Structures are given as structure tokens and as C-alpha cells.
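Okay, so here's the structure we're looking at.
What you see is a predicted model; the values in this text were computed from it and never measured. Residue numbers begin at 1 in each chain, while the letters A, B, ... track the order of the sequences.
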Amino acid sequence: MNKTYYITTPIYYPNGEPHLGHAYCTVCTDVLARFHKLCGEDVHFLTGTDEHGIKMVKTAAQLGTEPRALADKNAQVFRELWQEIGICNTDFIRTTEQRHRESVQEIIRRMVARDDIYLGSYEGWYDEGQEEFVTETEAKNNDYRSPISGRPLVRYKENSYFFRLGKYVPQVLKYIEEHPDFVQPESRRNEVISKLRAGVDDLSISRATLKWGIPLPNDPEHVVYVWMDALSNYITALGYGSGDDSLYRKYWPGVHIIGKEILWFHAVYWPAMLMSLGEPLPKQIFAHGWWTSEGKKMSKSMGNFIDMQKLRDVAGTYGQDALRYYMVRAASFGSDLDWTEADFNKSFNELANVLGNCLNRTIKMIGKYREGKVPDSQGALEAIDQALVEKTNKLADEVRKAYLEYDLQAAAMLPIELARQTNGYIDATEPFKLAKDPEKAQRLSTVLNLSAQAIMKALVSLIPVLPSKAVEGLAQLNVSIEGKTFDELMGATLPAGHQLGEGKPLFPKLERK
RNA sequence: GGGAGCAUAGCUCAACGGUUAGAGCAGGGGACUCAUAAUCCCUUGGUUGGGGGUUCGAAUCCCUCUGCUCCCA
């Protein structure tokens with residue numbers, strides 16, 4: 001039995017189309033999923049859409065359609081975009097699906113049985129025009145007026161079921177304190193801890209005024225509100241609480257990759273819910289940062305919004321892998337990021353000039369000087385050879401470590417650094433000059449061999465980030481990754497006599513306007 | 001108002017309290033032709049935000065000032 005690995009993105013709110021933020025989170029999760037898959041693990045990768053709630057109702061009304069139809073349409077848009085940027089999710093859950101509905105109701109039943117849910121009343125600032133509650137912060141920021149209509153907010157009270165979050169807070173706090181890796185990165189973990197210490201109220205989990213949602217099994221006049229519905233997806237998708245929970249037993253607990261704005265809910269509500277159910281907590285929760293664009297907050301009116309169309313244009317022009325590489329290497333995983341044309345070009349040039357060119361010149365020289373067959377490395381290694389061999393041999397460990405520590409930026413850039421060094425090696429050893437001197441044939445063989453080994457390892461390491469291009473590059477080296485694990489591929493060398501394929505630019509440069 | 005953090009080269013960032021504070025990019029100079037007008041080498045550039053302290057030794061620890069960010073209310 002292979003080791004299992006379960007990883008998730010959040011479920012996205014489909015009241016609009018996906019944008020850079022969604023794509024980033026999904027790509028990072030995908031990169032991790034692909035690495036673990038490459039390591040031979042049995043990977044289950046879940047993403048999906050969170051389709052209930054007042055905003056769906058309103059957006060649908062504005063568009064003259066129904067929430068269900070809006071969700072159907074946009075869930076499909078999300079699915080298609082993920083296809084286009086190479087996402088390898090194994091499941092896609094929609095919270096309107098029957099499997100989720102039934103399972104959430106079962107979850108509530110179990111919580112009710114545990115006396116963790118009770119009827120109380122929810123009081124807050126209510127925007128009558130918008131027919132929705134606004135948070136205390138939001139109300140204050142808008143001077144207790146509706147940001148839409150400008151009319152004063154009213155104090156409104158309605159019955160609501162509550163989850164006894166407060167009961168579990170001490171346990172959650174203890175768990176987070178005792179498991180430093182549970183919530184990452186560190187700075188976010190500290191924020192959660194300090195907020196937990198300040199004390200937390202019980203959580204309102206139902207709305208009687210809303211109809212678009214999952215009815216509470218114990219009181220169908222109420223629908224399940226936001227987090228109880230949304231967070232449950234991570235286990236309802238595995239069949240938790242249904243007749244067949246084999247996937248749940250196989251894959252749970254998993255790793256959650258999320259944006260920093262929803263860390264609180266994942267780090268506190270979700271563990272508390274699982275404690276109430278008596279189920280294991282997630283293995284890890286990693287919160288990534290937010291994007292700005294050209295140094296400013298993304299906004300449609302500013303014209304710097306990286307929307308789905310822009311993502312499609314970039315993927316269409318430069319390829320999905322160039323987009324993926326850019327996103328992953330743009331900043332260290334966990335910190336905020338900034339999308340700039342200049343940085344994108346820089347990152348594309350790394351792929352084309354450093355990685356692609358290194359592969360290309362190596363293949364072309366072996367083609368020209370050795371009839372496309374990898375020559376044997378002969379004779380004693382010189383210091384410069386030794387340095388390249390060491391760097392090549394270290395790559396597997398370095399990349400593995402980077403992935404296990406969620407340092408996706410390093411994982412993406414380490415192979416590029418090896419390609420950079422290989423370029424330097426080729427320039428320093430000058431195989432193209434050695435080729436002119438028959439007496440240097442042995443030396444030439446060594447240089448070509450070591451260059452080929454290095455670029456091969458660089459490409460293997462990049463498979464999770466560049467699922468299509470890395471494999472394409474390896475195909476040029478006539479290396480198949482079919483059925484092979486990361487360790488097997490990284491431990492292997494191209495044998496002497498190995499016939500290479502045809503060398504073609506991996507990331508062709510585009511015509512400049 | 002409460003809490004946390006950051007400040008290092010033009011830019012993005014590194015540097016268990018321990019040699020001369022390092023990379024990439026950008027800038028300057030040069031080399032090369034296997035390769036995608038690609039590549040490589042050399043190089044300019046820093047009083048580590050200011051001030052004080054602890055220490056044999058501080059970018060790193062402490063205090064303080066300034067500026068910025070984040071979380072919460």
C-alpha cells in the first residue's frame with residue numbers, strides 16, 4: 001500500500017469568475033500534489049466551489065437568473081480554467097451536491113447529539129436594503145450606514161443555532177501551541193494564538209431568513225450558514241457520514257492550502273468542529289499571501305486586475321507552465337506577492353534562457369559531436385567537473401526538503417540554479433572547442449556527459465511546477481517518467497550510449513512587438 | 001485602543017551571536033559561438049533606518065526614536 005496524501009484548496013465562491021488569487025492558490029496546491037504524486041504517494045487532491053449564501057442569491061438576482069443556474073455556470077468556468085493551467089485535482093466538490101448536503105446534515109445531527117448545538121439569537125447590524133447582516137467592523141467603517149444605500153443600519157435580532165465553539169477553544173489553543181507545524185507560516189500562527197487567548201464566542205451556524213442553503217436536519221426552517229457548510233467539504237467530499245466513507249478512512253487527515261484571509265476559520269472553527277465530531281484534525285494548514293498588481297491593490301477600475309481573461313492570455317501566449325512558474329517563484333510561499341510585467345518577463349527568461357537554452361545547447365552538441373548518443377564520462381574528474389557533479393547530486397535532497405517545508409519558491413528555483421551553473425560549466429570547459437581537437441575527445445565526452453546529467457536532473461525536479469514542459473524536455477532527452485518516482489529518476493543517470501531525441505527550444509522566444 | 005512584526009545594494013531578498021554582510025535582477029566592462037540576438041566572466045554599489053547598551057565579538061540580543069506593514073476591536 002502506498003502512503004496516502006490528501007491536499008485541498010479552499011472551495012471558491014462562484015458568484016464571479018476566477019482570478020489570480022484563485023489561480024495562485026490552486027496552482028500552489030497542485031504543485032504540492034504533483035510532487036507527492038511523483039514521490040509515489042497515493043494523492044487525493046480536492047478543490048471545488050462554495051455555492052450557498054446570500055451573495056449568490058443577490059448576484060443571481062442582479063443577473064436575472066437563479067442561484068443554482070449561476071453556480072452551475074461558474075463552477076464550470078472554474079473547472080475549465082483549472083484544466084487550462086494544468087491542475088490535476090482528483091475531485092471537485094460543489095456544496096450544492098447531494099453528497100455534500102446529506103453529509104453536512106449528518107455532521108449537524110452528530111453535533112446536536114453531542115449537545116454542541118443550541119438555539120440562541122443572533123444580534124447585529126442589519127442592512128435592510130441589502131437584506132444582510134454586516135460585521136461590527138464593517139458597520140463602524142461605514143459610520144453605521146449602508147455602504148450601498150447610505151441609509152442607517154438597524155439593530156436586528158433573529159433566532160439562530162449556535163455551535164459551542166467556546167467549549168473547544170482551550171483545546172484548539174493547546175493543540176496549536178503544542179504543534180508548531182500545524183498552522184503555517186509562523187507569523188500567521190502567532191496571530192491565531194493571540195486572538196485565541198483573547199477569547200472566542202460561540203459560532204452562529206444558521207439563518208432563518210435565508211433559503212438558499214442546506215436545511216438544518218433538526219429545524220428545516222433554518223439553513224446552515226457559511227462556515228459549517230463550507231469547511232465540512234473537506235470531509236464530505238470523502239464520503240464522511242455517508243454510507244460509504246472508505247475514502248475518508250483512507251485519506252483523512254489532509255493538508256489545507258488556503259489564503260490568509262480565511263486562516264482564522266480553518267485554524268479555529270474547523271479543528272473545533274472536528275473535535276466535536278471526535279475526528280482527527282488536519283495535518284497542516286498553510287496560509288499563503290495576497291497578490292497586488294504593479295505595486296497596487298488589484299482593482300477593475302485601476303485596470304490592473306489580473307482576471308481570468310488575463311490569465312488565459314498569458315497561458316495562451318507563454319504556456320501554462322510559464323504562468324505556473326511565475327506564480328510559484330514570484331515570492332516565498334506565505335508572503336504577499338506582486339504581479340508585474342517586468343517580473344513576468346524575467347521569470348520567462350529564466351525558463352527560456354537558462355533552462356531551455358541549457359537543454360538545447362547540450363542536446364545539439366551531443367547531436368553534432370556524438371551522433372546524439374550520450375558519451376561516457378571518462379578519466380579523472382577535474383575540479384570544475386566535481387563541482388557540477390556535486391551540485392547535481394545534491395539537487396534531489398534540496399528540492400525534497402524545499403517541498404516538505406512548503407518552500408515552493410526554492411523548489412522552483414533550485415533546478416534553475418543548477419541549469420545556470422551548467423551553462424557556466426559549458427562556457428568554462430568549451431566543448432565546442434574541444435570538438436575541434438581529436439586529442440581532446442575523451443575530455444569532450446566527459447563534459448557532454450556531465451552537462452546532460454545535470455540538465456536531466458533539473459528537468460525532473462521541475463516536473464511538479466512545469467508538468468508539461470519538464471516532461472517535454474525530458475522527452476527530448478529520450479527519458480520517460482512513466483511509472484518512475486522522484487527518487488528513481490533523480491538517482492538514475494543517462495547511461496553511455498543513450499540515444500537522445502531531437503532538440504527544440506523548450507520555451508521559444510516570442511516576436512517582440 | 002490592544003497585539004504582532006518588519007526596516008540589509010537601485011529593485012527583490014539571504015546571512016545557527018563568530019572570517020572580508022552575500023545571491024538574483026538592473027547598471028558598467030569584457031569574452032565566446034554549441035545554443036532560443038541565447039550564454040559566461042569580471043565589475044560598480046552597503047556607516048545593515050537613527051541613537052544608546054550587553055558582549056572578546058552584534059545585521060543578529062536589550063532599550064529608545066523614526067518609518068512601514070499585518071492581525072484584532
Side-chain angles (χ1 to χ4, degrees), chain A residues 125 135-141 183 185-201 259-265 267-268 287-290 292 294-295 297 318-319 322 326 329-370 372 384 388 407 409-410 412-414 416-417 419-436 440 444 447-448 451-452 455 469 473 476 500 502-512:
Chain A
W125 293 105
T135 65
E136 184 64 35
T137 310
E138 210 179 317
K140 191 177 176 183
N141 286 346
V183 176
E186 190 72 26
S187 57
R188 300 280 155 211
R189 171 176 178 260
N190 293 339
E191 285 170 8
V192 170
I193 289 175
S194 63
K195 191 174 168 185
L196 272 169
R197 285 187 180 140
V200 182
D201 294 334
K260 64 182 183 181
E261 73 282 3
I262 51 175
L263 177 60
W264 175 248
F265 314 114
V268 178
H288 68 248
W290 283 2
T292 51
E294 303 293 343
K297 192 175 174 197
Y318 297 92
Y326 172 63
R329 67 134 284 169
S332 68
F333 193 46
S335 48
D336 289 340
L337 314 95
D338 187 34
W339 176 290
T340 71
E341 293 292 326
D343 270 353
F344 184 87
N345 290 335
K346 188 169 121 184
S347 106
F348 185 76
N349 283 341
E350 282 174 356
L351 293 176
N353 299 348
V354 180
L355 183 74
N357 184 41
C358 179
L359 173 69
N360 196 234
R361 66 200 301 211
T362 302
I363 294 180
K364 285 283 172 68
M365 283 192 286
I366 292 176
K368 217 174 266 193
Y369 309 140
R370 289 293 183 267
I384 191 167
L388 184 68
D407 190 352
Q409 186 188 38
M413 294 181 81
L414 283 165
I416 302 294
E417 273 166 37
R420 205 188 291 282
Q421 183 168 332
T422 307
N423 277 329
Y425 174 77
I426 291 171
D427 275 51
T429 53
E430 302 181 307
F432 38 87
K433 279 187 184 163
L434 297 173
K436 289 173 184 159
K440 303 273 177 65
L444 175 61
V447 167
L448 293 177
S451 301
I455 191 65
K469 288 294 184 178
Q476 292 184 20
L500 301 184
E502 189 193 348
K504 276 185 299 194
L506 200 53
F507 293 91
K509 283 294 186 75
L510 303 160
E511 296 271 328
R512 286 236 171 135

Can you tell me, in whole Å, how much space there is between the P of C72(B) and that of U44(B)? 47 Å
Trp125(A) CH2 to A73(B) P, in whole Å, measures 16 Å
Closest-nucleotide ordering on RNA chain B, the 5'-leading residue of Val192(A) and Phe507(A): Phe507(A)
In whole angstrom, give the distance that lies between atom CZ of Phe344(A) and atom C1' of U12(B). 18 Å
Would you mind classifying the nucleic acid contact of Leu359(A) as base, sugar-phosphate or nothing, using non-hydrogen atoms under 4.0 angstrom? nothing
Please determine, for the side chain of Arg188(A), which listed nucleotide (C72(B), U36(B), C70(B)) has the closest atom? C70(B)
Rounding to the closest angstrom, what is the interatomic distance between A9(B) and A38(B) at atom P? 29 Å
Using atom NZ of Lys260(A) as one end and atom C1' of C71(B) as the other, report the distance to the nearest whole Å. 10 Å
Applying side chain to side chain contact (heavy atoms under 4.5 Å, CB included) to His288(A) and Leu337(A), what does each step give before you reach the verdict? CA-CA 10 Å; His288(A) 68 248; Leu337(A) 314 95; 5.7 Å; no
Across all chains, not counting sequence neighbours, the side-chain contact (heavy atoms from CB on, under 4.5 Å) partners of Lys368(A) are none
Could you pick out which residue, Pro505(A) or Ala419(A), lies toward the 5' side of RNA chain B when each is mapped onto its nearest nucleotide? Pro505(A)
Spacing of the P atoms in C61(B) and C6(B) (rounded, Å): 8 Å
Suppose we screen for salt bridge (Lys or Arg N to Asp or Glu O under 4.0 Å). Which residues come up paired with Asp427(A), at least two apart in sequence or across chains? Arg361(A)
For the residue pair Phe507(A) and Phe348(A), categorise the inter-ring angle as parallel (less than 30°), tilted (30 to 60°) or perpendicular (more than 60°). perpendicular
Under the rule for side chain to side chain donor-acceptor pair (under 3.5 Å), what residues qualify as partners of Glu502(A), not counting sequence neighbours? none
Round to the nearest Å and state the distance from Leu355(A) atom CG to A38(B) atom P. 16 Å
Could you check whether Gly424(A) gets within reach of a base, just the sugar-phosphate, or nothing at all, counting any heavy atom under 4.0 Å? sugar-phosphate
Test Tyr326(A) against Tyr318(A) for ring-ring contact (aromatic ring centres under 6.0 Å, His included), laying out the working first. CA-CA 11 Å; Tyr326(A) 172 63; Tyr318(A) 297 92; over 10 Å; no
Contacts of Gln476(A) that satisfy side-chain contact (heavy atoms from CB on, under 4.5 Å) - sequence neighbours left out: Leu359(A), Ile363(A), Lys504(A), Leu506(A)
Under the side-chain contact (heavy atoms from CB on, under 4.5 Å) rule, collect the residues that match up with Lys364(A), sequence neighbours excluded. Asn360(A)
Pick the P atom in U12(B) and in C70(B), then give their distance to the nearest Å. 16 Å
So Asn357(A), base contact, sugar-phosphate only, or nothing? Heavy-atom distance under 4.0 Å. base
Spacing between Phe333(A) atom CZ and C13(B) atom P, to the nearest angstrom: 17 Å
Taking the same atom, C1', in C34(B) and in U43(B), what whole-Å distance lies between them? 27 Å
Do the non-hydrogen side-chain atoms of Lys509(A) and Asn349(A) ever get within less than 4.5 Å of each other? yes
CG of Leu351(A) versus C1' of U39(B): gap in Å, rounded? 16 Å
For Asp407(A), the side chain to side chain donor-acceptor pair (under 3.5 Å) test, sequence neighbours excluded, returns none
Length of the CD-C1' vector between Glu191(A) and A73(B), whole Å: 15 Å
Below 4.0 Å: OP1/OP2 of U39(B) and any side-chain N or O of Asn353(A): yes
Base-pair map of RNA chain B as dot-bracket, where | denotes pairing with a different strand and pairs are Watson-Crick or G-U under 3.5 Å: (((((((..((((....[...)))).(((((.......))))).....(((((..]....)))))))))))).
Quickly work out the Lys195(A) NZ to C70(B) P distance and round it to whole Å. 16 Å
Write down the protein N/O and nucleotide N/O pairs, taken from nucleotides 24-34 of chain B, whose separation is under 3.5 Å; answer none if there are no such pairs.
residue: C25(B); atom: OP1; partner: Arg420(A); partner atom: NH1; Å: 3.3
residue: C34(B); atom: O4'; partner: Tyr369(A); partner atom: OH; Å: 3.4
residue: C34(B); atom: O3'; partner: Lys368(A); partner atom: NZ; Å: 3.1
residue: C34(B); atom: O2; partner: Arg361(A); partner atom: NE; Å: 3.1
residue: C34(B); atom: N3; partner: Arg361(A); partner atom: NE; Å: 3.3
residue: C34(B); atom: N3; partner: Arg361(A); partner atom: NH2; Å: 2.6
residue: C34(B); atom: N4; partner: Arg361(A); partner atom: NH2; Å: 3.0

When the P atoms of C62(B) and A4(B) are compared, how many Å lie between them, rounded to an integer? 13 Å
Just jot down the side chain to side chain donor-acceptor pair (under 3.5 Å) partners of Glu191(A), sequence neighbours excluded, or say none. Arg188(A)
Taking the same atom, P, in U60(B) and in C41(B), what whole-Å distance lies between them? 33 Å
For atom C1', what is the distance between G52(B) and C13(B), given to the nearest Å? 29 Å
